Amino acid sequence: NWGDGTSSTLPATWTAITKQYAKAGKFTVTLTLTDAAGNRTTPAPATVTVTVPGTFKLSKTAVWPGEYFNVTISSVPTGTTKIVLYTGDGFTKTLSGKNQTVAKRYYHLAGDVPVPAGTRTLTAVFTNKNGSTAQVLVGRITVKKDVWSPKVTITKPAKSTKASSWKTVRGTAADKGSGVAELLVVVLRTQGASDYCYSYQNRWIRLTNDVNVLTCFHSVKVKKGKWSLAVKGQKKNTTLDVLAVVGD
């Protein structure tokens, strides 16, 4: 009798068995021996103390999809060889057996399905030379529902017909929910019968069938709702197109 409401009946030939407790506490383990005639004897019971192998702290209890939070694991017992963190979205993180802080965000479930709003439960399994623990509760975090779409604008310069006015392309980007996760800007130029794009290498390249269009994408940072992109080599007598796409 394991003292936690469970028991195991062993064949007479067994001399050892492994038990895994699912919760912390003190448990009185009782062994009852029965012979073929039905006689029973019970040696002195033993007490097993089960402790949670570490303490945990979440930096946030509610997040937007894509928003990072930290999981801090401390008081890790000496001899721990690894920690497997189950984050409640189908993914796991295999960590070293020491105190540490790891970053996490909920964006896609395993299988590339967007994470739905609701509560996610994080658990961890600790391993040492004697084996692994049951899954230990780390904490619960709520993924909030984002019902807002991000907005992006391109600011038209006062003298928009002058090439020099477009040396820096500017605009705004904002989102009421999870915030702006990514802003991509593409700058195109038509000169005569030829089309060009301003590459992420900060030079103009002519668009042909051999050009990888991803070369034309600039990942631009948004600071306090505003963004800007310097564009070198503007020329007169050209047509300029600016495309900006924002995602949350």
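Everything quoted here is computed from the prediction, not taken from an experiment. Just the heavy atoms: all of them, side chains too, but no hydrogens, waters or symmetry mates, feed the values below.
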For this session: List the steps, then state whether side chain to side chain donor-acceptor pair (under 3.5 Å) holds for S228 with T168.
Result: CA-CA 7 Å; S228 63; T168 301; over 6 Å; no
Problem set entry | Heavy atoms of other groups near N212 CG, more than 12 under 6.0 Å | yes
For this session: With the side chain counted from C-beta on, respond yes when W148 and W64 share a heavy-atom pair under 4.5 Å apart, and no when they do not.
Result: yes
Problem set entry | Taking every non-hydrogen atom, the tightest pair across P150 and V246 | CB-CG1, 3.7 Å
Exercise. Going through the distances and angles, do L137 and T121 end up as a side-chain contact (heavy atoms from CB on, under 4.5 Å)?
Worked result: CA-CA 8 Å; L137 177 64; T121 300; 3.7 Å; yes
Problem set entry | Check: F91 ring centroid to Y86 ring centroid under 6.0 Å | no
Problem set entry | Nearest heavy-atom neighbours spanning R105 and D89 | O-OD2, 4.4 Å
For this session: Going by the side-chain hydrogen bond (donor to acceptor under 3.5 Å, both in side chains) test, name the single residue among T239, D195, D241 that passes it with T190.
Result: D195
Exercise. Within a reach of under 6.0 Å around NZ of K60, are more than 12 heavy atoms found that belong to other residues, nucleotides or ligands?
Worked result: yes
Problem set entry | Working for side chain to side chain donor-acceptor pair (under 3.5 Å), residues S194 and R206 | CA-CA 7 Å; S194 300; R206 185 176 178 182; 3.3 Å; yes
Exercise. Which is it for K235 and R189 under the side-chain contact (heavy atoms from CB on, under 4.5 Å) test, yes or no, and what are the steps along the way?
Worked result: CA-CA 9 Å; K235 291 187 176 182; R189 183 173 76 190; 3.9 Å; yes
Exercise. Would you call L31 and V29 a side-chain contact if the rule is heavy atoms closer than 4.5 Å?
Worked result: no
For this session: Go through the steps to decide whether T6 and K19 satisfy the test side chain to side chain donor-acceptor pair (under 3.5 Å), and finish with yes or no.
Result: CA-CA 10 Å; T6 66; K19 165 67 176 176; 3.2 Å; yes
Exercise. Where does the angle between the aromatic ring planes of H218 and Y198 fall among parallel (under 30°), tilted (30 to 60°) and perpendicular (over 60°)?
Worked result: parallel
For this session: Run the numbers on T72 and S59 for side-chain contact (heavy atoms from CB on, under 4.5 Å), then give the verdict.
Result: CA-CA 8 Å; T72 299; S59 62; over 6 Å; no
Exercise. Do V143 and V102 belong to the same hydrophobic cluster, where Ile, Leu, Val, Met, Phe, Trp and Tyr are linked whenever their side-chain heavy atoms lie under 4.5 Å apart, directly or via other members?
Worked result: yes
Problem set entry | CA sep, side-chain torsions, deciding dist, call: T81, N128, side chain to side chain donor-acceptor pair (under 3.5 Å) | CA-CA 5 Å; T81 55; N128 63 14; over 6 Å; no
Problem set entry | Minimal non-hydrogen separation, P65 against S178, with atom names | O-CB, 3.3 Å
Problem set entry | Verify same cluster id: I73, V125 (apolar side-chain graph, 4.5 Å) | no
Exercise. Step by step, would you call F27 with Y21 a ring pair (Phe, Tyr, Trp, His ring centres under 6.0 Å)?
Worked result: CA-CA 9 Å; F27 304 94; Y21 286 92; 4.5 Å; yes
Problem set entry | Spatial distance of atom CG (L122) from atom CD1 (I141) [nearest 0.5 Å] | 7.0 Å
For this session: Check V152 against A244 and note the closest heavy-atom contact, atom names and distance.
Result: CG1-O, 3.8 Å
Exercise. Does a donor on one side chain and an acceptor on the other come within less than 3.5 Å for W204 and S199?
Worked result: no
Exercise. Do V76 and I83 come within less than 4.5 Å of each other through their side chains, counting heavy atoms only?
Worked result: yes
Exercise. Just how far is it from atom OG1 of T238 to atom CH2 of W166, taken to the nearest 0.5 Å?
Worked result: 11.0 Å
For this session: Taking the side chain as every heavy atom from C-beta outward, state whether K104 and K93 have any pair of such atoms under 4.5 Å apart.
Result: yes
Problem set entry | Joint hydrophobic cluster, Y196 plus L240, side-chain heavy atoms closer than 4.5 Å | yes
For this session: Indicate the atoms forming the closest heavy-atom contact of W227 with V169, along with that distance.
Result: CZ3-O, 3.6 Å
For this session: Flag yes if more than 12 heavy atoms outside K144 fall under 6.0 Å of its NZ atom; otherwise flag no.
Result: yes
For this session: Kindly check if the number of other-residue, nucleotide or ligand heavy atoms within 6.0 Å of CZ (R120) is above 12?
Result: yes
Exercise. Is a salt bridge present between K151 and D248, judged by a nitrogen-to-oxygen distance below 4.0 Å?
Worked result: no
Seminar exercise, completed: Nearest heavy-atom approach of K156 to S160 is CE-OG, 3.2 Å
For this session: Test L207 against L188 for side-chain contact (heavy atoms from CB on, under 4.5 Å), laying out the working first.
Result: CA-CA 9 Å; L207 296 178; L188 304 172; 4.2 Å; yes
